[in-house]
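Taking it in order: structure first as structure tokens, then the write-up.
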Amino acid sequence: MGDAIDKRISVSDLPHFLFSQSKFFTKVQSYDVNDKSYLNIAKGILGDSWEIRRREAWYIAKPHSVELPRHGFKIHISLISSHTPEALKNILPVLAEFGVAFKFLVDAHVQDFFNSQACNKVSSGKFLTVYPASQAEFEAVIEALFTVTGAYYGPYILSDRAYKESRCVFYRYGTFAGNKECDVTGASKPVVINELTGETDVRLPYFHLPEGITDPFPCPDDESESELLNQRYEVVDALASHSSKGGVYLARDKKFGLTVVIKEARPHINRSLLNEHDAISGLIHEAHILRRLEYTGVTPKVVEVFKEWQHQFLVLEHIPFETLNYRDWENHNILINDQGEQALQLCQRYFLLLANIIKAVELVHQTGVIIGDIAPQNILIHPETLEVKLIDLEGAYDQLNEQFYARITSRGFSEYDKNKRRKPTVDEDWQAVSALCIHLLHPVCPLFALNPAIKNTYLSALVKSHGLPECMSEVAMLLQAAQVDKVKQVIATTLGQLTVPVAQTGLFERKSLNLDEGECKQLLKKMDDGLAHFIDNPVGESTFPVDYRALNTHPYSVSYGQFGIFYYLRKYTNIVAEPLMQKAIDELMALNRANMPPGLYSGLSGIAWVMYECGYQSDATCLMKQVLKNDLRHDACDLFYGAAGWGLACLQFYSKTQQPEFLQGAKEAAEIITNQLNEHQGTLYYKNLDGQPYSGLLHGNAGIALFFLRLYQVTHNQEDLRLATRCLQFEIDRGERINNELVWRKNYNEKTTYPYLQFGSVGVGCVLLRFYRVTREAKYLAFAQEIAQATQGKFCIYPGAFVGMSGIGTFFLDLYRVTKDAQYLREANSIAYRVSLYQCAVGEGVAFPGDKLAGLTTDYATGTVGVGFFLSRLLNDGQGRELFLDPDFSSLETCEQAATAQLDSME
């Protein structure tokens, strides 16, 4: 699970969620095991006195009578899949004789994934785990396993220590069962493995013992071991996140005093039933390719190849360039900055860099080598001269010598091919360069893995919307068809035109692209068809495909889980979802809800709000009362996880039921928040769970300010309004004007600015507009209009609500609703068109890609439902209450009016 406040994972962790279904995030438990050979071997050896059950990627095997301690030394077995059936027949009788509990991966396909570089480094290589009931049993079992496994081997398990000289038996100290308790975010709490110190079981990519635990098989320290690799290289820094395959390091060559890059490969990683070549083979192949390309001048030179311990190392010259990252373009890109001469500079830079990339690829092809994996992370550029170097060439194909390692592709740049031995082609290299044409303007290429047909349409829309030269689209299409000579002609002609001022080029002309009413209705209908498709064709455990964060916590939340979808289906579609919702409610009511997060978007209070709105008033009221007793309600203050969120839900329930305990709950939430606010020059701010003060609606001060504003509307207490305005003023003060645009950073230690609902500008803007509607202070509207000016006309990477264009569109609808200025409605229509470019076919309907554009989702935060809320309001000219942001206090107003009328009559 991600460590950031929004729990985003890294790209390297995505394969775990895309393993079962490449287009949807799922748990491995949804993987359909077709090969039962491992299970059948276990059943045949263990007999009826053992319980065997599946849990996600594993079969858990346990004698009925065994009770396990919470933690202790455990044994891991690492095996390559081709050896496993034979090895199991030797290993399992030992485990049966000792009667010791264990687990093993369900089949060879899952095992090959765990042995691949796609698996995270702390899980990699673990095929079978043994849970001895005592220290004595641990020592006896590991020795017995060592005795019967001498012929077998597998990847070294980084978190463990090898037993004696074994190549497959490892051990570590750790927990035997996960923690069923969660924290306020919904994530499982780490297991305590030292009750005296409170130390928890943290899985590290190296062997580590908790304080007070001694290694039963201590290894003597080798004082003669050099700190230098190959007696020559001193590692200075890690250049990339260390994968299970090995690291990439910056090092100092002590022999010649030069800076070098060292790539590492570990044995048996990437070896599978379909591929006998491991990561070491890949590194040796890359060294061969680089030597073949040495005289092209577009690849790093090989210094040497050596082996140390079990690992292979490739030493390369260090090229002090930057990876072709989209961030490089932020200072040049017209999609972010103003038009004018900057547009001219962007286009000059774009075509010069593209020409250099094409030249580099041509030079490689002339040697008889096909690159195979052309993607931004594999291209280095000099930021000023735009000179290009190509790196990471283990997937290249040497046609002259017929040498090839494995098919390696980058999502959205090359077509994924399950046949790892199929060799890449020249045309595929040029198709990848075509995708780079889009990436240089906007980094959305993973979308094209989900919907390849949209590539040309997307680029055309990008070019037209920003008044960029139409030949940008032409160049991409020509490259897709491998018409390289024509591309070079177009680039040369265009660069000639770009030597004069913008006004004289005739190349820059913006075109308005909008989604009209008929197209909007048609898209909403296709979205409904897509949602209906999943009812008949469920994905994973949750029917509807959702964000991976719901899989890491619980499946019910309004943001990433089921209840946001249920609310949308009930309020905006004709799809009958009551049986699904009732089933989810029954499941929820059967759980230990005291151990669930109370939050508005993340937990019980938001679920209760939705249940009430959907007609389940009694169950919803009961659930909301349980929130008021939840032990986690003090642990956070923001709108997403914390007291501002469940406090807002209390106000909603007080309005609906007039039960005083809900008003008291809202006041308790206010007290919890107030006690955690910090003062700064007359303003107030909250440091979130990670100690950072975030900007925006869901994790920042703006959301807390909104809660206090709503509390004031109910209590009419001026102190609540003062707290609201002081919290909001902190957000206002943290806004910055960069290039004459009012922007906010995600938090105030980051360089990047964010325009989103969850973090940054439009989340602040939505709150400013609500303050304006309540207080009528013109400054709030003025700031909101400045945010609109800074955000208008921008493409975002994502289409969704929380971190994407639908959330920005919602802000423009709010602004139109307040001002009735048609320019804001036009911008909302334009945003709707941009969002429509992301639709991907599912059955007879469509769905939208979620985080990292890696999988299709339907949830409120990232997927179809968040888009649907925005488009439905757009069709209604911005009218309608936004879920949670606009609670319904009408019943309270009616009560107040009745009470006032009664007093008047008495007088």
I'd like to know if the side chain of [X] reaches the main chain of [Y], judged simply by a donor and an acceptor atom lying under 3.5 Å from each other, with no hydrogens or angles considered.
{"X": "D278", "Y": "H268", "result": "yes"}
{"X": "Y798", "Y": "K852", "result": "yes"}
{"X": "Y350", "Y": "M472", "result": "no"}
{"X": "N401", "Y": "Q403", "result": "no"}
{"X": "H285", "Y": "A396", "result": "yes"}
{"X": "E286", "Y": "L393", "result": "yes"}
{"X": "E86", "Y": "H83", "result": "no"}
{"X": "H16", "Y": "N120", "result": "yes"}
{"X": "R203", "Y": "S123", "result": "no"}
{"X": "S124", "Y": "K121", "result": "no"}

Do [X] and [Y] sit within salt-bridge range, that is, some charged N less than 4.0 Å from a carboxylate O?
{"X": "R407", "Y": "E428", "answer": "yes"}
{"X": "E264", "Y": "R266", "answer": "no"}
{"X": "K526", "Y": "E844", "answer": "no"}
{"X": "E394", "Y": "K245", "answer": "yes"}

Original post:
What do the steps show when you test E474 against K486 for salt bridge (charged side-chain N to carboxylate O under 4.0 Å, His left out), and what is the final call?
Top reply: CA-CA 10 Å; E474 181 188 2; K486 287 187 177 180; over 6 Å; no
**OP:** Quick one: do C840 and V846 satisfy side chain to side chain contact (heavy atoms under 4.5 Å, CB included)? Show the steps, please.
**Re:** CA-CA 5 Å; C840 299; V846 300; over 6 Å; no
Taking all non-hydrogen atoms of both residues, which atom of [X] and which atom of [Y] are closest, and how far apart?
{"X": "T367", "Y": "L293", "answer": "OG1-CD2, 3.2 Å"}
{"X": "L856", "Y": "P849", "answer": "CD2-N, 3.8 Å"}
{"X": "T299", "Y": "K389", "answer": "N-CD, 4.3 Å"}
{"X": "D547", "Y": "D859", "answer": "N-OD2, 3.0 Å"}
{"X": "G154", "Y": "S78", "answer": "C-OG, 3.2 Å"}
{"X": "A406", "Y": "N275", "answer": "CB-ND2, 4.4 Å"}

Original post:
side-chain hydrogen bond (donor to acceptor under 3.5 Å, both in side chains) between D373 and T409: does it pass, once the steps are laid out?
Top reply: CA-CA 5 Å; D373 188 20; T409 59; over 6 Å; no
Using a distance-only test with no angle check, is there a side-chain donor-acceptor pair under 3.5 angstrom linking [X] and [Y]?
{"X": "T857", "Y": "T862", "result": "yes"}
{"X": "D427", "Y": "T425", "result": "no"}
{"X": "Q431", "Y": "S414", "result": "no"}

Side chains of [X] and [Y]: closer than 4.5 Å at any heavy-atom pair?
{"X": "N552", "Y": "K7", "result": "no"}
{"X": "Q111", "Y": "T84", "result": "yes"}
{"X": "P545", "Y": "F534", "result": "yes"}
{"X": "I9", "Y": "F17", "result": "yes"}
{"X": "N115", "Y": "N270", "result": "no"}
{"X": "L105", "Y": "L128", "result": "no"}
{"X": "Y458", "Y": "L447", "result": "yes"}
{"X": "W430", "Y": "I374", "result": "no"}

Subject >> Derivation and outcome, side-chain hydrogen bond (donor to acceptor under 3.5 Å, both in side chains), residues E304 and N230 >> reply: CA-CA 10 Å; E304 70 167 331; N230 204 29; 3.1 Å; yes
**OP:** Show your working on side chain to side chain contact (heavy atoms under 4.5 Å, CB included) between L324 and L436 and close with a plain yes or no.
**Re:** CA-CA 10 Å; L324 183 59; L436 281 175; 4.1 Å; yes
Original post:
Are R411 and L450 close enough, and set up right, to give a side chain to side chain contact (heavy atoms under 4.5 Å, CB included), and what steps lead you there?
Top reply: CA-CA 9 Å; R411 197 176 181 90; L450 298 170; 3.9 Å; yes
**OP:** Assess whether ring pair (Phe, Tyr, Trp, His ring centres under 6.0 Å) is satisfied between H288 and F404, documenting all intermediate values.
**Re:** CA-CA 10 Å; H288 163 78; F404 181 59; over 10 Å; no
**OP:** Any chance you could lay out the side-chain hydrogen bond (donor to acceptor under 3.5 Å, both in side chains) test for D107 and Y31, step after step, and finish with the verdict?
**Re:** CA-CA 11 Å; D107 67 9; Y31 163 68; 2.4 Å; yes
**OP:** Fit a plane to each ring of Y156 and F170, take the angle between them on a 0 to 90° scale, and name the class: parallel (under 30°), tilted (30 to 60°) or perpendicular (over 60°).
**Re:**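 If you compare the ring of Y156 with that of F170, the planes turn out perpendicular.
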Original post:
Parallel, tilted or perpendicular: which describes the rings of Y233 and F306, with under 30° parallel and over 60° perpendicular?
Top reply: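 Parallel: the ring planes of Y233 and F306 meet at under 30°.
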**OP:** For ring pair (Phe, Tyr, Trp, His ring centres under 6.0 Å), just list the numbers for F848 and Y838, CA-CA rounded to whole Å, side-chain angles, deciding distance to a tenth of an Å, and then say yes or no.
**Re:** CA-CA 6 Å; F848 288 83; Y838 289 77; 7.7 Å; no
Original post:
Is the CZ atom of R54 crowded by more than 12 outside heavy atoms at less than 6.0 Å?
Top reply: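 More than 12 heavy atoms, drawn from other residues, nucleotides or ligands, come within 6.0 Å of this atom.
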**OP:** Check whether more than 12 heavy atoms from other residues, nucleotides or ligands sit under 6.0 Å from atom NZ of K23, and answer yes or no.
**Re:**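 Atom NZ in K23 is not packed in, count stays at 12 or less.
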Subject >> Option from F127, F104, Y59 for which ring pair (Phe, Tyr, Trp, His ring centres under 6.0 Å) with Y38 holds >> reply: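 Among the candidates, only F127 passes.
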Original post:
For V261 and Y249, what are the C-alpha separation, side-chain angles and deciding distance, and is it a side chain to side chain contact (heavy atoms under 4.5 Å, CB included)?
Top reply: CA-CA 6 Å; V261 171; Y249 309 101; over 6 Å; no
Can you measure from [atom1] ([X]) to [atom2] ([Y]) and round to the nearest 0.5 angstrom?
{"X": "R291", "Y": "K301", "atom1": "CZ", "atom2": "NZ", "answer": "13.5 Å"}
{"X": "T858", "Y": "H533", "atom1": "OG1", "atom2": "NE2", "answer": "11.0 Å"}
{"X": "L479", "Y": "D429", "atom1": "CG", "atom2": "CG", "answer": "11.5 Å"}
{"X": "R271", "Y": "I280", "atom1": "CZ", "atom2": "CD1", "answer": "11.0 Å"}
{"X": "I438", "Y": "L459", "atom1": "CD1", "atom2": "CG", "answer": "5.0 Å"}
{"X": "D253", "Y": "H318", "atom1": "CG", "atom2": "NE2", "answer": "13.5 Å"}

**OP:** Test side-chain hydrogen bond (donor to acceptor under 3.5 Å, both in side chains) on E402 and Y397 and set out the steps.
**Re:** CA-CA 7 Å; E402 281 295 315; Y397 169 40; 2.6 Å; yes
